[in-house]
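Only heavy atoms go into these numbers, but all of them, side chains included; no hydrogens, no water, no symmetry mates.
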Amino acid sequence: MDIATHLAVIDRLCAEEFPAEPCRSESGTAGPGYAIVPLETSHGMRVGHAWVRERTVTDFQAYREAIAERLHDRWGRQPPLGQLTVRLRLSRGEEIPEPWATLSLLTDELDVWQVAGAGRWVALGVADRDRADEIRLLAAVTEIPPP
């Protein structure tokens with residue numbers, strides 16, 4: 001896990017154009033106005049023991065916090081954005097724009113910053129809600145404000 005490399009990925013996403021159509025690749029998912037990329041992915045957590053998974057989630061959360069500290073220095077400290085309300089709104093049939101709908105289903109909490117002068121938002125979270133899937137540290141960049 002290399003914080004400098006992950007910050008460079010976030011910077012690149014902040015500067016790149018978004019695709020006109022939704023697409024998925026090894027490097028993540030993207031669509032009009034957004035991109036979501038895994039910065040780190042666990043290996044073998046789909047079938048691991050519960051205590052190993054919990055320890056890995058804890059490690060990924062600590063790593064998220066370390067990256068978030070650098071981003072707080074850039075764009076100011078913001079309180080984490082809980083995803084329960086967004087999931088509830090989705091379950092009631094409300095349309096939540098991407099990438100926020102996907103992020104709410106994958107994460108419990110996001111660190112979110114508005115990038116000064118760029119018209120973009122950056123979100124950072126740990127995707128650990130699906131025990132049948134790998135744990136991922138996700139970064140998202142979007143032109144769409146959080147719901």
Side-chain angles (χ1 to χ4, degrees), residues 1-46 53-54 56-147:
M1 294 188 191
D2 180 3
I3 292 173
T5 299
H6 297 323
L7 291 172
V9 169
I10 292 168
D11 290 341
R12 179 181 50 79
L13 290 172
C14 285
E16 284 183 348
E17 294 294 319
F18 298 116
E21 298 292 325
C23 60
R24 172 172 252 138
S25 71
E26 286 181 9
S27 60
T29 59
Y34 75 93
I36 303 171
V37 298
L39 299 175
E40 291 288 338
T41 302
S42 66
H43 299 286
M45 290 295 108
R46 292 180 185 169
R53 184 176 177 86
E54 288 175 23
T56 303
V57 168
T58 300
D59 290 346
F60 272 60
Q61 292 288 4
Y63 192 54
R64 182 195 95 198
E65 291 171 12
I67 295 171
E69 282 302 316
R70 274 60 167 205
L71 297 176
H72 290 323
D73 291 344
R74 290 182 185 184
W75 300 314
R77 185 169 298 278
Q78 303 298 321
L81 183 64
Q83 297 300 289
L84 182 60
T85 301
V86 179
R87 284 193 300 274
L88 180 61
R89 291 167 57 192
L90 273 171
S91 72
R92 291 182 176 167
E94 185 175 337
E95 189 169 324
I96 304 293
E98 291 297 346
W100 305 108
T102 295
L103 291 170
S104 74
L105 297 173
L106 298 173
T107 66
D108 284 324
E109 183 176 88
L110 293 170
D111 288 299
V112 178
W113 302 268
Q114 186 172 17
V115 180
R120 293 193 175 191
W121 297 81
V122 171
L124 191 64
V126 175
D128 66 334
R129 293 185 42 77
D130 184 352
R131 291 202 175 274
D133 200 0
E134 298 292 341
I135 301 162
R136 296 178 314 267
L137 175 61
L138 300 176
V141 175
T142 181
E143 299 172 336
I144 303 151

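In terms of heavy-atom proximity, Q83 sits nearest to E109 at CG-N, 4.0 Å. Residues I36 and A140 come closest through the heavy atom pair CG1-CB, 4.0 Å. Summarising the geometry of I3 relative to A66, their closest heavy-atom pair is CD1-CB, 3.7 Å, with the distance given to 0.1 Å. Nearest heavy-atom pair, G28 versus P38, reported as atom, atom and distance to 0.1 Å: CA-CD, 4.0 Å. For S42 against T56, the heavy-atom pair with the smallest separation is CB-CG2, 4.1 Å.
Annotation: side chain to side chain donor-acceptor pair (under 3.5 Å) contacts of W121 (sequence neighbours excluded): none. Contacts of T5 classified as side chain to side chain donor-acceptor pair (under 3.5 Å), with partners at least two apart in sequence or in another chain: D2. Scored by the salt bridge (Lys or Arg N to Asp or Glu O under 4.0 Å) test, R74 finds D11 as partners (sequence neighbours excluded). By the salt bridge (Lys or Arg N to Asp or Glu O under 4.0 Å) test, E143 pairs with R120, sequence neighbours left out. Partners of D108 according to the salt bridge (Lys or Arg N to Asp or Glu O under 4.0 Å) rule, which considers only residues two or more places apart in sequence or in another chain, are R87, R129.
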Report task. Run the numbers on E98 and T29 for side-chain contact (heavy atoms from CB on, under 4.5 Å), then give the verdict. Result -> CA-CA 10 Å; E98 291 297 346; T29 59; over 6 Å; no
Query raised in the report: Between L110 and W100, is a side-chain contact (heavy atoms from CB on, under 4.5 Å) present by the stated rule, with each step listed?
Result: CA-CA 10 Å; L110 293 170; W100 305 108; 3.9 Å; yes
Query - side-chain contact (heavy atoms from CB on, under 4.5 Å) assessment of H6 paired with E40 - result: CA-CA 9 Å; H6 297 323; E40 291 288 338; 2.8 Å; yes
Report task. Determine, stepwise, if the pair D128 / F60 fulfils side-chain contact (heavy atoms from CB on, under 4.5 Å). Result -> CA-CA 9 Å; D128 66 334; F60 272 60; over 6 Å; no
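Checking side-chain atoms of T142 against main-chain N and O of G33 turns up a donor-acceptor pair under 3.5 Å. No donor-acceptor pair under 3.5 Å is formed between the side chain of E95 and the backbone N or O of G93.
With L138 as reference, L103 is the one residue of L103, T41, T102 to meet the side chain to side chain contact (heavy atoms under 4.5 Å, CB included) rule.
Between atom CZ of residue R70 and atom CD of residue E65 there is a gap of 12.0 Å, rounded to the nearest 0.5 Å. Atom-to-atom distance recorded for I135:CD1 and L106:CG is 13.0 Å, nearest 0.5 angstrom. Rounding to the nearest 0.5 angstrom, the gap separating the CG atom in L90 from the OG atom in S104 is 4.5 Å. Taking OG1 of T85 as the reference point, atom CZ of R89 lies at 8.0 Å (rounded to 0.5 Å). With rounding to the nearest 0.5 angstrom, the CD1 atom of I67 is 10.0 Å from the CG atom of D111. R64 contributes atom CZ, which lies 6.5 Å from atom CG of L124 (distance to the nearest 0.5 angstrom).
Considering only heavy atoms from C-beta on, I10 comes within 4.5 Å of L71 through its side chain. Counting only heavy atoms from C-beta outward, the side chains of V86 and L105 never approach each other to under 4.5 Å. In this structure, the side chains of P146 and L81 come closer than 4.5 Å at one or more pairs of heavy atoms. Using a 4.5 Å heavy-atom threshold, the side chains of P32 and P22 count as touching. The closest side-chain heavy-atom distance from V112 to Q78 is not below 4.5 Å.
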Compile the donor-acceptor pairs under 3.5 Å between side chains in residues 12-21 and protein atoms, sequence neighbours left out, one pair per line.
| from | atom 1 | to | atom 2 | distance (Å) |
| --- | --- | --- | --- | --- |
| R12 | NH1 | E16 | OE1 | 3.3 |
| R12 | NH1 | E16 | OE2 | 2.9 |

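Using cut-offs of 30° and 60° on the angle between ring planes, the pair W75 and W113 is tilted.
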